[in-house]
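First comes the structure, then the notes that go with it.
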Amino acid sequence: MNSFDEEIAKAVAATGAFDAGQAKKLITVPADTEHGNFTLPCFSLARSLHKAPKLIAEELAPKIVLPTGLSKVEAVSGYLNFFIDRKFLANSILAEIDKEGLSYGHISPNGKTVCIDYSSPNIGKELAFHHLRSTMIGNSLSRIYKASGYKVERINHLGDWGTAFGKLIVMYLREKLPTDKKTLDALTVKELNVLYASFSKACEAEPGLEDEARTAFSKLESGDEFYRTLWTAFRAATLRELMRIYDMMGVSFDHYTGESFYEDKMPAVIEELRKKGLMVRSEERDVVMLDEFDLPPCLIRKSDGSTLYATRDLAAAIYRKKEYNFDKSLYVVDLGQALHFKQVFHVLKKMGRDWYTDMEHIPFGVILQQSEDGKWEKGKTRTGHAKLLRDVIEAAQAKILAFINEKNPDLENKEIIAREIGISAITFNDLKNHRLMDVKFDWDSALSFDGATGPYVQNAHVRLCSIMRKAGYDARIEDVDFALLTDESAYELIKTLTKKAERIRQACETDEPSVLAQYSLEIAEAAHKFIHDDRVLGSAEEKSRLFLVKSTQIVLEDVLNLLGLFPVRVM
Ligand code: ARG
């Protein structure tokens, strides 16, 4: 139901006054429905017709044959205002939702593939709170692209290779920790975190330690078996904890191909760069010059022969193109890495991979938290003060659980529901604004049941579910009298439901989950208002209104899904 403007354009063109294409471009949706649902200004015709726009509109109005679904056209001060037939609209939209269910507004497979690289934490340490952003924006985008017809390859480019592992190895050995298989198998990420912190601390007194770590990584890279055993154990320990958190958050991936995966794929890239004469020696390192793009050189290989982050991203990009033949390849990574991606994309351009234009960095702002003196600041990971994501999730869960214990202590599975509401609340707080904006996080506003929050939206969903449960029967379209769904609140709610396909399209085109977060608020608001104004259960209109409740629940559930929020049914 998105072609009203097209139908109106055709009807107006049939009078001979407008060209259909021109009319379609001029049609807008007035802010106030008193001026109709669509309006067409006639000012552009004044010159050619030598007439006042007011007169043109008045003469045209009676000549227009209204397309189905519209109830009237009015000429007002040079505008043609078109009004939708509310009953027709209710019927057509609700029938569509009834038929398509959760996938109402989705696009069927378009044969295109998108790779989405998200979350991709550096392992060896736990997920910090700031990892939430890439994880949840990427998770939502992967769902939005799927709903938009794409085949989606969800990739976790784990940072499981690099000097960081040299640091862990150095520290592990320095502290003379046991290296038997049993101990290594039981290693936890908590222990690794402690090692990290003590490495940073030790470096303050002994700056030479950084070099030792680099040497250790080179040794790992050149295949040292013992180091390899340690690395494998570190990786496995972090992955176990990572999976536990992803499971809890409802996040998943198709590929856990981390940086180490490209170890054996880098020599070919380096060879190609060399053969094409793109690699030059600078300060004992191999680099690709990018002066012509006003970019600093891209580092490919250090003096000790070890490879870099960019080298692995080059190998990864080429691998993804070969393996998935993507039409688009997205990197959901913080704004701080903008230069890195520009460099990688431009090296690929120089290598003659003309598909480099299909790759896109999807940046986002940082999470800010308030310090004791009230200043908003970025959390610090290195020094170990940063909040861990799992602590934030646990705290959110505890706060919501306290609320449930107060209001609804007998709720079944309340621990799980509290966790789902808590995770959704911090996720919503993250997704509700344009991704490039920094996110201010404070508990009171994120967890509030009022305002633009996750709990507010989930509460609307819970209310809809509760009405359906209390009715005790399944509403059926055969029992609906659409004329009973034309009052203002019902009409406003139905109009909101019509926007789903358009909002998914916008979210996909701009890579902005916030479009759907805002849409979920719109639905929640219209639903709350409808439930408040139009009594459902026990009213003469019960069966019709219940069907609208059910349709709204279906639309809201899917929008929550697309955002990666849990559509809880009770709270
Ligand atoms: N591991 C990196 C980090 O935590 C992010 C990786 C993003 N993806 C990529 N293909 N470079 O900063």
Side-chain angles (χ1 to χ4, degrees), residues 114-139 141-142 152-168 189 192-193 196 217 231 234-235 238-239 241-242 245-246 251 253-263 265-266 269 298-300 307-324 326 328-348 353 355-356 358-367 378-382 386 388-389 435 511:
V114 63
C115 288
I116 310 185
D117 176 325
Y118 61 103
S119 196
S120 307
N122 291 335
I123 72 171
K125 42 187 160 188
E126 285 189 81
L127 281 184
F129 186 26
H130 69 85
H131 285 117
L132 180 74
R133 296 226 70 193
S134 170
T135 307
M136 296 322 276
I137 294 172
N139 178 52
L141 287 179
S142 72
V152 183
E153 302 288 352
R154 300 167 300 174
I155 304 172
N156 196 328
H157 188 77
L158 297 167
D160 58 1
W161 205 235
T163 325
F165 287 93
K167 293 182 185 172
L168 284 177
V189 73
L192 298 180
N193 264 353
Y196 249 119
F217 177 60
W231 171 80
F234 297 163
R235 186 180 191 274
T238 8
L239 217 49
E241 170 66 5
L242 209 53
I245 298 202
Y246 287 149
V251 170
F253 295 89
D254 303 300
H255 314 284
Y256 281 91
T257 36
E259 294 187 38
S260 66
F261 178 77
Y262 300 100
E263 208 199 337
K265 296 169 185 64
M266 283 185 285
V269 177
C298 183
L299 294 190
I300 303 295
T307 55
L308 290 113
Y309 184 45
T311 326
R312 295 187 276 281
D313 258 327
L314 287 169
I318 292 170
Y319 174 83
R320 289 174 196 176
K321 183 65 190 176
K322 191 175 109 233
E323 205 64 20
Y324 313 122
F326 59 72
K328 250 179 147 177
S329 183
L330 309 181
Y331 296 83
V332 186
V333 184
D334 67 87
L335 183 60
Q337 296 197 24
L339 175 62
H340 163 75
F341 286 107
K342 269 194 204 141
Q343 289 177 305
V344 169
F345 299 167
H346 282 89
V347 171
L348 287 163
R353 313 278 172 160
W355 45 262
Y356 82 97
D358 301 328
M359 306 204 297
E360 212 179 318
H361 175 207
I362 308 294
F364 50 82
V366 298
I367 297 184
K378 200 178 146 177
K380 307 175 194 79
T381 341
R382 292 267 154 67
L388 297 178
L389 186 51
R435 61 180 151 72
D511 299 303

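Whatever order the structure lists them in is the order used to number ligands and atoms, beginning at 1.
Listed by chain and residue number, the protein contacts of ligand 1 are D117, S120, N122, H157, Y309, D313, Y331, V333, Q337, F341 (heavy atom within 4.0 angstrom).
A distance below 6.0 Å separates the ring centres of H255 and Y324. The six-membered or imidazole ring of H157 lies away from that of Y309, with a centre-to-centre distance of 6.0 Å or more.
With 3.5 Å as the limit, one finds no donor-acceptor pair spanning the side chains of D334 and H130. Side-chain polar atoms of S119 and Y246 form a donor-acceptor pair below 3.5 angstrom.
For the side chain to side chain donor-acceptor pair (under 3.5 Å) with T307, the lone residue among E263, R312, E259 that qualifies is R312.
Remark: V152 pairs with V114, I116, S142, Y145, K146, Y150, R154 by the side chain to side chain contact (heavy atoms under 4.5 Å, CB included) rule, at least two apart or across chains.
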